[in-house]
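Accompanying notes for the structure given below.
Lettering follows sequence order; numbering is per chain, from 1.
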Amino acid sequence: MQGWIGRVTAFFQGQLSPLSRVLIVAATLSILPGIVLPTWRITLHAPQYPQGLTLVIYPNTVSGDLSEVNLLNHYIGMQEIVPDEFPEFRFIPFFILRFFGFALLTALIGRMPIAALGWMDFVLFGTVMLYTFRHWLYEYGHNLSPDAPLQIQPFTPALLGTTQVGQFTVTSMPALGAILMAVAGLIGPAIAIYEWRRYTRALREPPGTSSSADPV
Amino acid sequence: MMNFMANFKRNVAIAGAVLLAGLGLSIVAQSCARPRGTDIGSIARERGLTDQDIVAAVKTYQPTGKYDEYLMFASGGHSGQVLVIGIPSMRLLKVIAAFTPEPWQGYATGADEHKRLMQQARMAGHDITWGDNHHPALSETDGEYDGQFLFINDKANPRIAVIDLRDFETKQIVTSPIMGTNHGGAFVTPNTEYVIEPSQYSVPLWKDYADLDSYEEDYRGVVTFWKFDRQRGRIDPAQSFAIELPPYWHDLSDAGKGPSFGWAFLNSFNTEMATGGIEAGNPPFEAGASRNDMDYLHIINWQRAAEVAAQPGKTRTVKGQRVIPMDVAIAEGLVYLVPEPKSPHGADVTPDGSRIVVSGKLDPHVTVYSWNKIKQAIDQKQFAGTDKYGIPILDFASVIDGQLELGLGPLHTQFDDKGFAYTSLFLETKVAKWRLQPLELVEKIDVHYNVGHIAAAEGDTRSPDGKYLVSLNKWSIDRFNNVGPLLPQNFQLIDIGGERMQLLYDMPIGIGEPHYAQIIKADKLKPFEVYPEIGWDPGAMAVGRDVAVAGRERIERRGNEVHVYMTAIRSHFNPERIKVRQGDRVVIHITNIERARDATHGFGIAQYNINLSLEPGESQTVSFVADKAGVFPFYCTEFCSALHLEMTGYLLVEPR
């Protein structure tokens, strides 16, 4: 038991391999476009909207057919969606920039603890953001005006997948920015597995043999 | 006895009724028992359709959501409007209001913009609420339709309407106070430099009134060249001019292109200068105006005329219109005549601009004039003489390419992409297909009935498309269900793409007798889907200056004027209550702040004769005096949404 903890501790104090550093650089490059790329896409389909209506959520705003969606929402007494009123939009781009910087630093220094810390930070941020998103979906679907011309059951549009609201089929899906960030997030565990194997192999082999110096 | 007969009759009637009912039941039972055909063959048998019919159906049917390849802009005849029809489906897509109020489009039913337009359109001190639309003309660039503007004439009240094809709305109406009526226009020059409008029935030109006794001295024909300012999308009357012509009656015209660029060709009839008077024992016009075998095709150098009109002292201004007097026109070489078979209708320039095809309803031939020969004769001053007014006349035989007998009553000619020409035969009620070189009749097809104009796909441009031709028939007689003694006209679509012409479709026209039409490739048109910006003034084609803005809706009193700044969006007006005092002048500035396609709102005020159509982004102003006290609901007159009925409000006019 003692040995196991010691091994893990030792592992986390280790140095990253060049391959892992390259992977981290790749991760930074897939995080960065997320500042300008759409993060999430909500489409609304109804017979009288043959092209559908789309809300495109960016790290800093909502665009697409926002005015038409707001117009429709007023019938069920939903609050108007005003991008400027979401505090999240003010800091998300800076967070993305921060992750980018942090990951770049990790790749340069190549220390395992920094990498682990950065990854956890990133995943925590992502989870909190998804939760916030889900919270807003709940808020907008439940905070319905009692004076609305059309009274409907409060609802929560699905974060991922489709919801039926009246004649509208609402589909919510991550867009390219979020997908790229998810890929960047998955690089973390991939590196961890790879480094762990590399570390245990090094332990098995006696010190001084040539292959442990650099597996790449 | 009487009683018995009455009973007998009743019994027979009952027996007959029972028999008929039984027969009816058995027919119903039979048709219920037999399953309706689902394969094409059995459906066709049930409906009595031939193989030809099925081919025609397949060539014209448009499933839902499929667009037509061509759009036809057809004159709406007496309606004073323009019809937009898809080809090959022959579906009516729109009626563009031009000269006549049209409530759905909110055209001249309250909006201040249209009050100004209708003010422009007045003639002889009269409000004119109808038009006799004849000839639509699409704007051209380099002799090809460019899909930007459409012009149409009103024959009865000599006027031209300018329609902007960005929103398919009329923007301007110009009047011709120096004409009695017009007919030959509207036709455009190859780059829409000018819109040509010739007069028809001559009236006194230089004085307001002259008796018919002095017809030859005082009555005159004129041809007006309206200068078109494409940038502004308006005719510029100040830059326009007319040419004084003899008091013949002028008919159709066409502009030269290619080698004949710069010239215009204009038919005439009644060169006899008959003045009628059947009641005084004179020959009626129909005889008096058809006495001579030949009338005159007018050959006009409009390019040179424009230069002459710009020179000082070369024009006289009559009723605000600059006119080049006939003696100046002759001296400057602006006008020539060449005989043409009597009572001509069409004067149509071939796509390459090398020939002019003229046909007259009383001569079975088409006459093909050679532009080269005409130009040569003019250049070498080879004239056969002059008319009574001194206009040089070219020798008929030496300027024609030839004549071809087509049949009875040839009227109008269109062209295709394979060197064929098509001419309507009014009396035979056929369309003749013929070759230009060598002159040869190829085929005739029956049309129903009494064809006037014909329109082929881009058939009067430099590069006709062939494919389709529409026969614009004056009579329909037995083609449709009986709808009473006033019958619709009949547009017949003909496939001219194949070896032989095939009749495809009959479309009844129930709002007026159309004359000419033009068919443009649909992809040349690029209209707005919604107005580009909120607050758009369609009159200025820009965002309006004093428009209602979302968030700044208000009611302002300025003395006895009440200004209402109102927005419309699904499903409410804002404000919804307008309270004024009897006698106040009410000015409502209303903006549709929608951005969704088709989210049009109407604005109708009960009993005040007001209805506006506000398309997405559009802003209009309506002003009126609240002269009648009371409570007047206003509401959205376009079914806009599920809560459309609730899109309403009250105009409260407090009694004084």
Is Lys524(B) paired with Asp146(B) through a side-chain N to carboxylate O contact shorter than 4.0 Å? no
In terms of heavy-atom pairs under 4.5 Å with chain A, which of Ala596(B), Ser571(B), Gly65(B) leads?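 The option with the most such pairs is Ser571(B).
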Only pairs of heavy atoms separated by less than 4.5 Å count here; which of Arg595(B), Arg597(B), Arg570(B), Glu594(B) has the most with chain A? Arg570(B)
Over 60° means perpendicular and under 30° means parallel, so classify the ring planes of Phe86(A) and Trp136(A), tilted if in between. perpendicular
Using 30° and 60° as the class boundaries, would you call the ring planes of Trp196(A) and Tyr199(A) parallel, tilted or perpendicular?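 Tilted, since the angle between the ring planes falls between 30° and 60°.
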With a 4.5 angstrom heavy-atom cut-off, which part of Glu646(B) approaches chain A: side chain, backbone, both or neither?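 Nothing of Glu646(B), per the 4.5 Å heavy-atom cut-off to chain A.
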Would Arg554(B) pass as a cation-pi partner of Tyr565(B), given that its NZ or CZ must be under 6.0 Å from the six-membered ring centre and within 45 degrees of the axis? yes
